[in-house]
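Quick note on labels: first sequence line is chain A, next is B, and so on, each numbered from 1. These figures come from a predicted structure and were not determined experimentally.
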Amino acid sequence: MRSVSIIGGGLSKFGERWDKSFRDLVVEAGTAAVIDAGIEGREIQAIYGGCMSSGRLVGQEHVGALFADFLGLNPIPATRCEAACASGGVALRAGYLAVASGMYDVVAVGGVEKMTDFDSADVAIALGGAGDMEHELFFGATFPALYALMARRHMLEYGTTEEMMASCSVKNHKNAVHNPYAQYHNEITIEDVMNSGYIASPLKLLDCSPITDGAAAVILCASEKAKKFRKDPVEIIASSQASDTISLSNRHCMTELHATKVAAADAYRRANLKPSDIDVAEVHDCFSIAEIMAIEDLGFFDKGKGGPASLEGLTALNSEISINTSGGLKATGHPVGATGIKQAVEIMWQLQGKADKRQVKDAEIGMTHNVGGSGATAVVNIYKRL
Amino acid sequence: MKHPLPLIWRMIPEKYYLMGSHCATCKNDFFPFRQICPNCRRLGKVSEKRMPTTGTVYSFTEVSAPPSGFEFEVPYPLAIIELDNKVKILAQIIDAPMEKIRIGSRVQMRFRRVGDDDEESAISYGYKFALIEDAASSAKTDKPAKTPKPTVSKG
Amino acid sequence: MVHAGIAGYGVYVPYMRIKIPEIAKVWGKDGDKAARGLGVYEKALGAIDEDSATFAVEAGRRAFEHCKLDPARVEAVYVGSESKPYAVKPTASIVAEALGSTPHLTAADFEFACKAGTAGIQACMGLCIAQMIDLGLAIGSDAAQGRPNDALEMTAGAGAAAYVISAKKEEQIATIEKTYSYTTDTPDFWRRSHAEFPMHAGRFTAEPAYFKHVAECAREIMKRTGTKPEDFDYFVPHQPNGKFPVRVAKLLGFTEAQVKPALVTPFIGNTYSAAAMIGLSAILDIAKPGQRILVTSYGSGAGSDGFIITVNDLIDQKRPAKARHFFELINNKTYVDYATYAKHRRKIKSM
């Protein structure tokens, strides 16, 4: 296995991109990544694309080939990766493995989702496919509902409160103000969250990540050649992935995502690091309760302490650990296939010191945590400057 | 969401009477049906088994933003139910005001239409759960009709 | 001769109720007067995810919980309804599958307005007496339909009753000694093939229809068995409202005490195919061994099925320890307004 580094990254603007098509978003992010890496298109040897629901929503399948085509990269091999909201994360890992194996020196990895063209009830159906269609969605279980079921248990077992959950959204909106790519640039208060309407009790509108259009891309390169392209590549020092039951009800425990714990343990072992070594982490806050579970499952806080830690501001920018400096899924937006890669771009910027007003001081080690469905897939990556 | 008819038909045993599976090797029950026991894999001896139809609410939520097909049912309570054999299952709770639903509430399987109905396609029926009400609890009565006091003769 | 009998019974009444004055108010009528005139105070309605098939399954399950016999033994399932969820496709097969009675059985749906359920009892009895089957299941189930602002809307209720009919004397909590039916072609109430709501002939539904058929059926079955009203402990006629059954009882010489315990329509509305069968269940809930019951259902179109039933000792043994009478069971309810009722019954045009 060779060491792999990110030599460039780019994002499309996230949000309601009425004037941009699915493929326009891919081109916007892909072009930015290629320019950032300072490479020529012909130097890219393969492409991996993460996308969850293009078929169900846009009606477009075969998006690996579409990526390659509209980025002008034919005839290189192009492969789509799908793991629901972790599609970006698994695409990134597929690219990582392809370079680590020695098969390629330079690959492009992209993720995209075009979601705002569609009615929210239809988007709920598309996202619902990330769980067990026959036993969850079939009975009217939306994704907010599944996380609400986890939240209710977390509240019962650990005394987590709706205010604690709300504080995650508040913090993420605050961070997003300084992220020009984010969907939202407005700060919100705990009262705003508490007064927003229930989507699936106890989760309210402002506990939930939005429906977003967006794309993200990174260029991966064998670390041994990375400095040829730029002086400050970011090395992926561990990439781990785990799975769990597709349906929430089959889990033994509903107050943790077991796949996150397994992937995190593997990543820490591979990187020879511990949770306290992480300076900045982009975690999968599709819902506020998901951020609380994530910071516990990733080992930043003890089980049950994620809620109080969030409320006390221990996850704010430049506090104990800086969580979701980009604004997270909540405020940057959550174009599901793009999210896992957007997280890597944010960490790249943080480790390169390019995060402007949301920069974590002396950030040395970063982490991304991307979840598919209600936790049936988790991808955890650890990064440092090469 | 419209489900294809053969899918609705295939799911009849599990949707009508909770047909799941049992592994004779590890003695665990599973729902939905699994051909492979995740504990024993090739050593598992798996056969069909009906799950018990009563259980306890393990967690619950009230869905206000529905997927398509459930627009006319909102807000509806949805729960993870721990059946009496400890197997958990997700289902809608029916015929109960939210304030009566608690973690730990006893529930019983009921037979209902599930999901979309366009008035022309085949109807999908399946399980939902109702609270098992104890004799003491009855309706919120705003001037109920006077029902006669029955004399129940006991054997 | 083998006598068929009732091995078990079960009733299902949905959770929601609407008060008759709440309906009357919408149409500018005097609600209290309407309720008093009909002798109906409130009616049950199914939720948006319920229909006569789901009612039938629930009633069937309760019937088997009651008799504790194996549903797999059932060799005939008949469901009577005038509100079938499918115009073509049996409800009986849904019920048989849900109860676990498939595949070794016959199943069919019956339609004869409000007496389709008792026709199912007769069909099961016939098969039992002919010793073609040991165990049958007959269900009357309706999510009754009434056009908005029609008189029927004030009474059309919802519910189901299921009876497990056994050929084995030792399984019978009550034996059906005799059945007889009185049938003519009298179109007092109907629903054309693709029509959404039934039509009725107003006051014509009373004398030449309900009263004539129920009374003739009762008189003839008593004549053929040499019985008189005083030979019965209870009389259970079909009950389209709270008034007709009392009047027909009086007309036939039954006392109010004989008929009143069977009156369920005032509290749940007219449950059509289920009405007489639910009325009978309310009697069986309190009946003592040795008591005799006369049942006369009524179906528009028109006919009446009569049954003479004798209660057996087994009824007390089969009564669950925490037996709850019908009138207690229907106390688990919630009241809804007309708008909610209109939504759940899909009476809002744009739905």
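- Residue B/Glu82 does not touch chain A at all, counting heavy-atom pairs closer than 4.5 Å.
- A/Thr245 touches chain B through its side chain: at least one heavy atom from C-beta onward sits under 4.5 Å away, while N, CA, C and O do not.
- Between the side chain of A/Glu296 and the main chain of A/Gly306, a donor-acceptor pair closer than 3.5 Å is present.
- Heavy atoms from other residues, nucleotides or ligands lying under 6.0 Å from CD of B/Gln35 number 12 at most.
- Heavy-atom distances place no part of A/Leu127 under 4.5 Å from chain B, backbone and side chain included.
- Contact of B/Phe70 with chain A is made through the side chain alone, with heavy-atom distances under 4.5 Å.
- To the nearest 0.5 Å, atom NE2 of residue A/His173 and atom CG of residue A/Leu206 are 6.0 Å apart.
- In terms of heavy-atom pairs under 4.5 Å with chain A, the best-connected choice from B/Gly126, B/Ala65, B/Pro38, B/Pro77 is B/Ala65.
- Contact of B/Tyr76 with chain A is made through the side chain alone, with heavy-atom distances under 4.5 Å.
- The residue among B/Phe30, B/Phe60, B/Phe31 with the most heavy atom pairs within less than 4.5 Å of chain A is B/Phe60.
- B/Arg10 does not touch chain A: none of its heavy atoms, backbone or side chain, sits under 4.5 Å away.
- Neither the backbone nor the side chain of B/Lys86 comes within less than 4.5 Å of any heavy atom in chain A.
- By number of non-hydrogen pairs under 4.5 angstrom with chain B, the leading residue of A/Ala126, A/Ser201, A/Gly128 is A/Ser201.
- Separating the CZ atom in A/Arg152 from the CD atom in B/Glu62 is a distance of 9.0 Å, to the nearest 0.5 Å.
- Contact count against chain A (heavy-atom pairs under 4.5 Å) is highest for B/Ile80 among B/Leu78, B/Ile81, B/Val87, B/Ile80.
- Taken to the nearest 0.5 Å, the CG atom of A/Asp244 stands 8.5 Å off from the CD atom of A/Glu256.
- Comment: B/Arg106 engages B/Asp84 in a salt bridge, judged by a side-chain N to carboxylate O separation of less than 4.0 angstrom.
- Of the atoms belonging to A/His154, not a single heavy atom falls under 4.5 Å from chain B.
- Both the backbone and the side chain of A/Leu149 have a heavy atom closer than 4.5 Å to some heavy atom of chain B.
- With B/Arg50 contributing its side chain and B/Tyr17 its backbone, the two residues share no donor-acceptor pair below 3.5 Å.
- Using a distance-only test at 3.5 Å, with no hydrogens or angles considered, no donor-acceptor pair links the side chain of A/Glu16 to the main chain of A/Thr116.
- Judged purely by distance below 3.5 Å, without hydrogens or angles, the side chains of A/Thr339 and A/His284 never pair a donor atom with an acceptor atom.
- Interface residue B/Glu14: only side-chain heavy atoms are found under 4.5 Å from chain A.
- Heavy-atom distances place the backbone of B/Ile89, and not its side chain, under 4.5 Å from chain A.
- For A/Asp213 (side chain) and A/Arg17 (main-chain N/O), a donor-acceptor pair under 3.5 Å exists by modelled atom type.
- With a 4.5 angstrom heavy-atom cutoff, B/Leu7 touches chain A only via side-chain atoms.
- No side-chain donor-acceptor contact under 3.5 Å links A/Lys114 to the backbone of A/Leu57.
- In terms of heavy-atom pairs under 4.5 angstrom with chain B, the leader among A/Ser247, A/Ala200, A/Gly140 is A/Gly140.
- Comparing A/Arg251, A/Met150, A/Glu134 by heavy-atom pairs within less than 4.5 Å of chain B, the highest count is held by A/Glu134.
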